[in-house]
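Labels below follow one simple rule: chain letters A, B, ... track the order of the sequence lines, proteins then strands, and each chain is numbered from 1.
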Number of protein chains: 2
Amino acid sequence: MMFSKACEYGIRAAVYIALQSLDGRRVSVTEIAGEIDSPIAFTAKILQQLTRNNIVNSVKGPTGGFEIERKDMDRVNLSMIVKAIDGDNIYVGCGLGLKECNADKPCPLHDKFVDIRSNLRTMLKSTSLYELATGLEVGLTYLKR
Amino acid sequence: MMFSKACEYGIRAAVYIALQSLDGRRVSVTEIAGEIDSPIAFTAKILQQLTRNNIVNSVKGPTGGFEIERKDMDRVNLSMIVKAIDGDNIYVGCGLGLKECNADKPCPLHDKFVDIRSNLRTMLKSTSLYELATGLEVGLTYLKR
DNA sequence: TTTAAATAGGATAAAATTGTCCTTTATTAA
DNA sequence: TTAATAAAGGACAATTTTATCCTATTTAAA
Ligand code: FES
Ligand code: FES
């Protein structure tokens, strides 16, 4: 709805990797896909994007897998993940589909839409991977159901 | 981003029809598509959905076209249009793609997501077609660019 | 040094969304 | 009554998104 499937998988995967990294565990694509209930090969593609964007870290070979350093869990927020996967249309796009959102020649929904979008942006920017992972750790939230 | 292309066209079309109906003019699909800059045949499909959902009124034959009664411009809000075209996933869906949004077994983003979504729902429900059409009429907003 | 395990990446396939074309139906006006 | 006009609807095509499969590359451990 708000995010593409790829983006949803990407966020869930990143949170799971963070959670495991808090325990010092490196995780494979297969494990991740199993734990977040996503298609394996498609998830692998998305993890490549996250890796290229320095959101998670990948290590090849035996004992390899994905991980994220403790300090990066603070640095990485949802806005970065969404941008890496869905691009910044969520920020610059017009709610009614005009070429771009432009206050000088606004669509009828502009003012109200900008309002909502601004809340969303603030939320995404201020939500770190660490914050999401710790909720999971405590058992208050879930990545599949 | 937030709405499908079909939904964006649908909202723009409905607003244009409302605007013209304020002047007592009935409009054809061809005119609508021209004025909101959308593909004609695809727009026709979307207008069928709006008609079936009693959001706009259609009249066949010469002098026919689409219109919306003054009182319906107050009754119809954006939420109704979005539901008619995109369904209610926007209301019941989980932001991270879990089967459904459920506070009893929430995803890590649930609380923050519900917040944003609630703002969005309130906005959509409280925005009438009449309100959007009058902004256009006054020349403050635009349906294409 | 070989083997096996893991990610990277290219090629394709399937599904969903977006878009087009053509025929049918209804209705107005000549 | 006929002709012309406009929406309704069915079939199909193109594009985008989602998903799969297979090979190459890297690397750790036996
Ligand atoms: S112009 Fe449409 S949302 Fe800004
Ligand atoms: S469970 Fe994910 S948004 Fe409610």
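- A salt bridge does not link Arg26(B) to Glu31(B): none of the charged nitrogens lies less than 4.0 Å from a carboxylate oxygen.
- In summary, the side chains of Ser4(B) and Asp86(B) do present a donor paired with an acceptor at a separation below 3.5 Å, with no hydrogens or angles considered.
- Using a 4.5 Å cut-off between side-chain heavy atoms of Ile, Leu, Val, Met, Phe, Trp and Tyr, with links allowed through other members, Tyr16(B) and Phe42(B) fall into the same hydrophobic cluster.
- Remark: Lys125(B) pairs with no residue by the salt bridge (charged side-chain N to carboxylate O under 4.0 Å, His left out) rule, at least two apart or across chains.
- Between Asp104(B) and Arg145(A) there is no salt bridge, since no side-chain nitrogen of the basic residue lies less than 4.0 Å from a carboxylate oxygen of the acidic one.
- A donor-acceptor contact closer than 3.5 angstrom links the side chains of Ser79(B) and Tyr91(B).
- Side-chain atoms of Ser21(B) never come within 3.5 Å of backbone atoms of Gly24(B) as a donor-acceptor pair (strictly under, hydrogens ignored).
- OP1 or OP2 of dA19(D) has at least one side-chain nitrogen or oxygen of Tyr9(A) nearer than 4.0 Å.
- By the criterion of side-chain heavy atoms lying less than 4.5 angstrom apart, applied directly or through intervening Ile, Leu, Val, Met, Phe, Trp or Tyr residues, Ile40(A) is grouped together with Ile32(A) in one hydrophobic cluster.
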What string of B, S and - do you get for nucleotides 5-17 of chain D, 5' to 3', if B is base contact, S is sugar-phosphate-only contact and - is no contact with any protein heavy atom under 4.0 Å?
BBBBBBB------
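- If you walk DNA chain C from 5' to 3' and mark each nucleotide with an atom closer than 4.0 Å to a heavy atom of chain A, the marks span dA4(C) to dA11(C).
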